[in-house]
Structure formats: structure tokens, C-alpha cells
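Structure, as C-alpha cells:
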Amino acid sequence: MDNHTARPHCAIPGKHLPIELWRLSDQENDEFEERSIRINVDDMIMLRLELNDRGNPDRLTLAKLFVTLEALFGPSASLLDARKQTFTIPCLLHIRKHDQDLPYRLQIQDYRGDPDFRLSRIIDHERFLNLDQHYSHPPIADELSAEDIEYCICAIWHHLTISSNKICAEKIANQTLPTFIHHIDSHHIIYGFADGNFFEHEIDDYDEYHSTVDALLAQYGPPAPTATQRLQTTQAMIQTIITSNPQTNGEHHDR
């Protein structure tokens, strides 16, 4: 992360493609989503990465990925599918290739219990105007090919794995990593950090899953609200005060 800028930023050098990730705000992400076309990402990329990491004690679990992403880029975006997701980090993926600056939108998130990379090309040229934004499209071969996309995702995953080992170890050693419990109801997955350890469980039985979630939340309490959630609460409170103030309807009282 670049500590010299207000916007969280991560640079990943590479001989093939230098990569930069810049955190997007919720508003920026919404605006770019309206001006983007979805690009297909091969599901086998993440499957191969996870298979390669199987059995590795330092592998990037959901809990470690969550902690690492928030340390590098700040709190999760507020808009997500609460049954299938627990975090999503929208970024501007800036790639320079053949003396061209290529603007892509990359969401690093969990989806149904797996790490997930969602890629979109931001429309900044008339060549993309005729593409249907309601459908996902193949990679743009003369710009960012399928091989380039795989290279980018593998490079980002490798960077996050290395960063995770350092970030998590330091937070645990300094006792600055708070307890948190996350649950993915669609796939009966529970993960988090408690009593000094990361954990992840997948429970097939419906009743056992929900009783385990209830027991963990009762023992450790609900997760602390994120900065985004606190801001939303404050904004809602301010709006309530404004709309409930009788003087806002044009009625002024003399003192």
C-alpha cells in the first residue's frame, strides 16, 4: 500500500505487466459500473491457485484474505449479497501495455465461500459503446488477453498471500486483530478469528449450522460495525433529524 496518498493504493511490479490497484469509493464504483462492460474470467484460474496452495499452512484463507484486504484497502464496500458474501473490495485496475493506459474495474471479494475476482472494462472509447452491458464478454484480445488476465490475477493473489503473512503475524503479535465472526448462509460456511486463531468451518446440516452461528455470536458478540456502516448510521440519523424538524417546512419562529 502506498502510504503517501490518501487513496489506498497497491503497486505490483512485473516484467510482463506492471499492475496498480487503486481503491474505489462506493459512489465511484457505482458510477463505473454504469460505464463498464463485464469481462469473462476463467473460473479455473482460482481453482488452480487454490489447489496449488492445498496443504500449505500459510495459504490465504477467507479470514486472512478479509483481514489483508481491509488492511491494504480499507473497509469492505457496503453493497453486497448478504447471503452469499461477507466482503467486496472495488478497485481501479490500472495496467499499462504497449504504451496504453488500460482502465479496468476489479472487485476482489468472496462469493459462495470462495475468493472471487470480478473484472470489467471501463468504457472510455467509442469502440466499446456498441457492446451490451447486460452480458459478460470475452477478453479483449488486442488489449488484455485471457493470458494477461490470468497473469494479473495470479500476481495479485501472490502479492496478497505474501502481504497476508506479514500483516496477520504483526496484528496477532501486537494484539491488534479483533475477534470477528462471519457466516455465509448460502453455503453454511463460518469463518473468522477468535482466541488468537483463524478458523473456517463448513457445516452441511442446516440446524447444526445455524445453532453454531448463534453460539459463536453469543460467545464472541456480533462483529463491530465497519467505518462504512458507522458513516451510514450517522447519515441516516442526520437525515432523520432534518426531515423531522418542523422548521424545515418553511416555518420559522421568532425569538
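A distance of 11.5 Å separates CZ of R112 from CD1 of I189, quoted to the nearest 0.5 Å. Note that the NZ atom of K84 and the CG atom of D114 stand 13.5 Å from one another [nearest 0.5 Å]. Taking CG of L65 as the reference point, atom CD of Q109 lies at 10.5 Å (rounded to 0.5 Å). Rounding to the nearest 0.5 angstrom, the gap separating the CD1 atom in I122 from the CZ atom in R35 is 7.0 Å. Atom CG in L21 sits 8.0 Å away from atom CG in L160 (nearest 0.5 Å). Atom NE2 of H183 is separated from atom CG of L216 by 9.5 Å, given to the nearest 0.5 angstrom.
Judged by distance alone, the side chain of D26 and the main-chain N or O of A77 form no donor-acceptor pair under 3.5 Å. In terms of modelled atom types and a separation under 3.5 Å, the side chain of S36 and the main chain of S120 share no donor-acceptor contact. Side-chain atoms of D205 come within 3.5 Å of backbone N or O of E208 as a donor-acceptor pair. No donor-acceptor distance shorter than 3.5 angstrom exists from the side chain of K97 to the backbone of L17, with no hydrogens or angles considered. Without hydrogens or angle criteria, N174 side chain to T176 main chain gives no donor-acceptor distance under 3.5 Å.
Looking at heavy atoms from C-beta onward, L106 lies in side-chain contact with I108 at the 4.5 angstrom threshold. Using a 4.5 Å heavy-atom cutoff, the side chains of F66 and E70 are in contact. For the pair F32 and P90, the minimum side-chain heavy-atom distance is 4.5 Å or more. Under the 4.5 Å side-chain criterion, counting only non-hydrogen atoms from C-beta, R118 is in contact with Y111. C152 is listed as a side-chain neighbour of I95, based on a closest heavy-atom distance under 4.5 Å. Y191 is not listed as a side-chain neighbour of H201, based on a closest heavy-atom distance of 4.5 Å or more. Looking at heavy atoms from C-beta onward, R38 lies out of side-chain contact with Y135 at the 4.5 angstrom threshold. Side chains of I39 and S136 form no contact here, defined as non-hydrogen atoms less than 4.5 Å apart.
For D142, the CG atom is densely surrounded, since the number of other residues' heavy atoms within 6.0 Å is greater than 12. Around atom NZ of K166, no more than 12 heavy atoms belonging to other residues, nucleotides or ligands sit under 6.0 Å away. Annotation for L79: atom CG does not count as buried by contact number, only 12 or fewer foreign heavy atoms lying within 6.0 Å. Counting heavy atoms of neighbouring residues, nucleotides and ligands inside a 6.0 Å radius, atom NE2 of H210 exceeds 12 of them.
Both F199 and Y220 sit in one connected hydrophobic cluster of ILVMFWY residues. Membership requires side-chain heavy atoms under 4.5 Å apart, directly or through other members. Under the 4.5 Å side-chain contact rule for hydrophobic residues, M44 and L51 share a cluster. In the hydrophobic clustering of this structure, I203 groups with L217; members are Ile, Leu, Val, Met, Phe, Trp, Tyr whose side-chain heavy atoms approach within less than 4.5 Å, directly or through other members. Under the 4.5 Å side-chain contact rule for hydrophobic residues, F73 and L80 do not share a cluster. Hydrophobic clustering (ILVMFWY, side-chain heavy atoms < 4.5 Å, transitive): L69 and M46 are in one cluster.
Ion pairing of R59 with E50 is absent here, as no side-chain N (NZ or NE/NH1/NH2) approaches a carboxylate O to less than 4.0 Å. Between R48 and E150 a salt bridge is recorded (basic side-chain N to carboxylate O distance below 4.0 Å). Ion pairing between a basic and an acidic side chain is recognised when a charged N comes within 4.0 Å of a carboxylate O; E28 and R7 show such pairing.
Judged by distance alone, the side chains of Q107 and T88 do bring a donor and an acceptor atom under 3.5 Å apart. With hydrogens and angles left out, the side-chain atoms of D110 and Q85 include no donor and acceptor closer than 3.5 Å. For the 3.5 Å distance criterion, the side chains of Y209 and D185 qualify, holding a donor opposite an acceptor. With no hydrogens or angles considered, no side-chain donor-acceptor pair links N40 and H137 at under 3.5 Å. Residues D148 and S145 have side chains that bring a donor and an acceptor to within less than 3.5 angstrom of each other. A donor atom on one side chain and an acceptor atom on the other are found under 3.5 Å apart for W157 and D53.
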CA sep, side-chain torsions, deciding dist, call: D58, T161, side chain to side chain contact (heavy atoms under 4.5 Å, CB included): CA-CA 8 Å; D58 295 326; T161 300; 5.8 Å; no
Audit row: D204, H188, side-chain hydrogen bond (donor to acceptor under 3.5 Å, both in side chains) steps and yes/no: CA-CA 7 Å; D204 292 331; H188 292 184; over 6 Å; no
Worked verdict on H94 versus L102 for side chain to side chain contact (heavy atoms under 4.5 Å, CB included): CA-CA 6 Å; H94 177 204; L102 307 178; over 6 Å; no
Intermediate values then yes/no, side chain to side chain contact (heavy atoms under 4.5 Å, CB included), F193 and C168: CA-CA 11 Å; F193 178 81; C168 294; over 6 Å; no
I167 and L72: CA distance, side-chain angles, deciding distance, side chain to side chain contact (heavy atoms under 4.5 Å, CB included) verdict: CA-CA 9 Å; I167 290 169; L72 293 174; 4.1 Å; yes
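Checking each of I89, L92, D30 against L24 for a side-chain contact (heavy atoms from CB on, under 4.5 Å) leaves exactly one that passes, namely L92.
Relative to the six-membered ring of Y104, R121 meets both conditions, a distance below 6.0 Å and an angle of at most 45° to the axis.
Between S163 and T68, the closest heavy-atom pair is CB-CG2, 4.1 Å. Here the shortest heavy-atom pairing between L144 and P139 reads O-CB, 3.6 Å. Heavy atoms only, all atoms of each residue included: A71 and K171 are closest at CB-CE, 4.2 Å. Shortest non-hydrogen contact noted between I19 and A155 is CD1-CB, 3.9 Å.
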